[in-house]
A.B. asks: 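Have a look at this one.
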Amino acid sequence: MTVTEKRLLFFSFVAIALFVSPYFLLGEDAHMRVHDNLDSNIAWYKVVTRSGELFGSIHAVIPQIANGLPRNVFGTEFSGIVWLHALFPSIYAYGLSQTITRVFAFIGMYLLLWKYVIPERKWMWIRVGTSLAFALTPFWPSGMLSTLGMPLALWAFLNIRAGERSWVNYLVLTLLPFYSSFVLGFFFFLSAMGIWWLVDVIRGKGWNWRFFFAIVYMIAIYLAIDYRFVHSLLFSDEPTSRDEYFHARLPLWRVVRLMVKNYVLGHTHVMTVHGLVILPVTLTALYIVWMKKLWRREKLFIFLHVLNVALSTWYAFWFYKGWVPLTERFDILDKFNFARYHFLRPTVIYVLFAVSLKILWQQGILWKNVCFAALAAQFVVLAAFNEEVAHRNKPSFREFYAEKQFQEMKEYIGRPVHTYRVASIGIHPAIAQYNGFYTLDTYNNFYPLSYKHKFRQIIEQELAKNKKLREYFDEWGGRCYIFVDELGKHYMFKKHSKRTIRRLQLNTDVFHEMGGRYIFSALPIENAKQNQLALVKVFRSKQSAWTIYLYKVMP
């Protein structure tokens, strides 16, 4: 390794440190994504670590949510991110998780490119630049290394496939499962590795048992770590909200549109941010390969292009209504989201980016400058997607969870929080959960189906008014919220909002029967009396994004 490359590596780690610095410098005043993050996972970690059931049995329940949510819903206690939230304040746990993920994403992509894709010394700028760009992508935070760890795992598997016996390869396969998710990433990666092994066998390259058993070994570790998921999937007889999940509803023209959208823009859980810079670069390189007839020399390049299109196509067609006969016969096709093979795309796209830059670089000095410009442009785009920049107009961590405001509400109510239940309107229930309130509403991947049906009675009249909300709740139900027809699928009405709720129709008798005593509304309810609700106090705070109207149920 040259001195220049060492300096580039040092610069990359400095860049990563700067990228994650807002979490540590700003603390709770830092900004981050709300969707599938502040509105859910961060609160879940708080709830489970505070519950006393972190190591609870597979039959344990956590009473704070939904009158007793199964402990298994919150996932394994052997996840690294759970322990960060158990040991550190939430904002610093979040920052540490971002740092860990981005550092190992960089290391994994660098090792993969260095050893198997563009190993020559002259490609060091492309190697390091692509690895840094990959590490700065706005990944789904609670996914950890579920997608960004794939290059590191692929590097280890390729080493093993080639006959290398280094203990480092097995250390990677052993530790990655503790900081990633099987169902949200590595199931798809490891099944792809299994397909690769089988193709090797079919092509006459031998059985390569070392490669095969490495795949089995990593799967076994995942299943052991996520034993709660395994138990819920295989041994639990209680129907869950996933039993009513339905995904296959799109006509063919919308499937094609979704395929193009995914190919160009990506997906919220695997944001590759490739549409502006990387896609034009890869298509330009494809044009050069086509014009110069370099198909045989650039087999990897062609394969990655085909795979990239195939993954987007598979993702879109998973929602095609033509699947209905199969989903009716095999319920696993509804319970498990096989569309997530597109989670392989971040690795595919950034390796393709590196190979494309190499092809452009080889076209002459002018094209070398184009390569540097492309890398610089991608860094600029990624900087714009830094959470502190991209979410600067959303509530900060402090403003979102509004701990001081909710503590005032807790003190005003003046009762032990376990003696009553609350629900929220116009704000996410995760806020109340984070602050220790016991909630009837929730956002979870799955929960007892009987509870979903009971909760539905509270909002039945509101769902009847709004087809989109009705389908959203009945055919998924992960957001078990107090839906309001007038508000639609909007759950963040900040304190400066002028909206009011005029035609609310809730079954507050069922709400009261389930233990509900208070509703935290971000908006005033004009017909509160018709819903047996009484406004008892309005809570405002400079440190909060919300004005909370505290309503008490008066059955």
A.B. asks: Can Arg71 and Glu77 be said to form a salt bridge (Lys or Arg N to Asp or Glu O under 4.0 Å), step by step?
C.D. replies: CA-CA 10 Å; Arg71 166 64 185 85; Glu77 61 269 39; 3.8 Å; yes
A.B. asks: Taking ring-ring contact (aromatic ring centres under 6.0 Å, His included) as the test, write out the residues that go with His453, two or more places apart.
C.D. replies: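 With neighbours one apart ignored, the set is empty.
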A.B. asks: Using the side chain to side chain contact (heavy atoms under 4.5 Å, CB included) rule, pick out the option among Gln505, Gln461, Glu462, Arg470 that qualifies with Asp485.
C.D. replies: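 Among Gln505, Gln461, Glu462, Arg470, the one meeting side chain to side chain contact (heavy atoms under 4.5 Å, CB included) with Asp485 is Glu462.
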A.B. asks: When you compare the side chains of Gln433 and Tyr443, does any donor N or O come within less than 3.5 Å of an acceptor on the partner?
C.D. replies: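 Checked: Gln433/Tyr443 side chains show no N/O donor-acceptor pair below 3.5 Å.
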A.B. asks: Could you tell me whether Lys410 and Glu403 have a side-chain N and a carboxylate O separated by less than 4.0 Å?
C.D. replies: no
A.B. asks: Is a donor on one side and an acceptor on the other found under 3.5 Å between the side chain of Thr500 and the backbone of Pro524?
C.D. replies: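 The answer is no, because no donor-acceptor pair under 3.5 Å joins these two groups.
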A.B. asks: List in chain and number order the residues that pass side-chain contact (heavy atoms from CB on, under 4.5 Å) with Ser90, two or more places apart in sequence or in another chain; answer none if no residue qualifies.
C.D. replies: Ile42, Lys46, His85, Phe397, Tyr434
A.B. asks: Would you say CZ of Phe55 has more than 12 non-hydrogen atoms from neighbouring residues, nucleotides or ligands within 6.0 angstrom?
C.D. replies: yes
A.B. asks: Looking at Glu486 and Lys465, is there a salt bridge between them, counting it only when a charged N and a carboxylate O are closer than 4.0 Å?
C.D. replies: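 Result for this pair is no, no salt bridge flagged.
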A.B. asks: Taking ring-ring contact (aromatic ring centres under 6.0 Å, His included) as the test, write out the residues that go with Tyr518, two or more places apart.
C.D. replies: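 With sequence neighbours excluded, Tyr518 shows a ring-ring contact (aromatic ring centres under 6.0 Å, His included) to Tyr420, given in chain and number order.
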A.B. asks: If the condition is side chain to side chain donor-acceptor pair (under 3.5 Å), which residues does Glu399 pass it with, not counting sequence neighbours?
C.D. replies: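 Per chain and number, Glu399 pairs via side chain to side chain donor-acceptor pair (under 3.5 Å) with Ser396.
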A.B. asks: Answer yes or no: are there more than 12 heavy-atom neighbours, outside Lys552 itself, under 6.0 Å from its atom NZ?
C.D. replies: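 Counting neighbours around NZ of Lys552, 12 or fewer heavy atoms of other residues, nucleotides or ligands fall under 6.0 Å, so no.
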A.B. asks: Can you pull out every salt bridge (Lys or Arg N to Asp or Glu O under 4.0 Å) where at least one residue sits in residues 27-40? Sequence neighbours excluded, please.
C.D. replies: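 Listed once each, the pairs are Glu28-Arg398, Asp29-Arg398, Asp39-Arg479.
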A.B. asks: Restricting to ring-ring contact (aromatic ring centres under 6.0 Å, His included), what partner residues turn up for Tyr491, sequence neighbours left out?
C.D. replies: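 Here the qualifying residues are His428, Tyr481.
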A.B. asks: Could you check whether any side-chain N or O of Tyr227 sits under 3.5 Å from a backbone N or O of Tyr222, counting only pairs where one atom can act as donor and the other as acceptor?
C.D. replies: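 Flag not set: sc Tyr227 to bb Tyr222 has no pair under 3.5 Å.
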A.B. asks: So if I apply the ring pair (Phe, Tyr, Trp, His ring centres under 6.0 Å) rule between Phe406 and each of Phe539, Phe520, Tyr412, Trp546, which one comes out positive?
C.D. replies: Phe520
A.B. asks: Give a yes or no on whether Arg502 atom CZ has more than 12 heavy-atom contacts from other residues, nucleotides or ligands under 6.0 Å away.
C.D. replies: no
A.B. asks: Does CZ belonging to Phe372 count more than 12 external heavy atoms closer than 6.0 Å?
C.D. replies: yes
A.B. asks: Does Arg7 count as lying over the ring of Phe10, i.e. NZ or CZ under 6.0 Å from the six-ring centre, within 45 degrees of the axis?
C.D. replies: no
A.B. asks: Are Asp474 and Lys452 close enough for a salt bridge, meaning some N to O gap below 4.0 Å?
C.D. replies: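 Not counted as a salt bridge, because no side-chain N and carboxylate O are separated by less than 4.0 Å.
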A.B. asks: Is the cationic atom of Lys394 (NZ for Lys, CZ for Arg) positioned less than 6.0 Å from the six-membered ring centroid of Phe400 and within 45 degrees of its normal?
C.D. replies: no
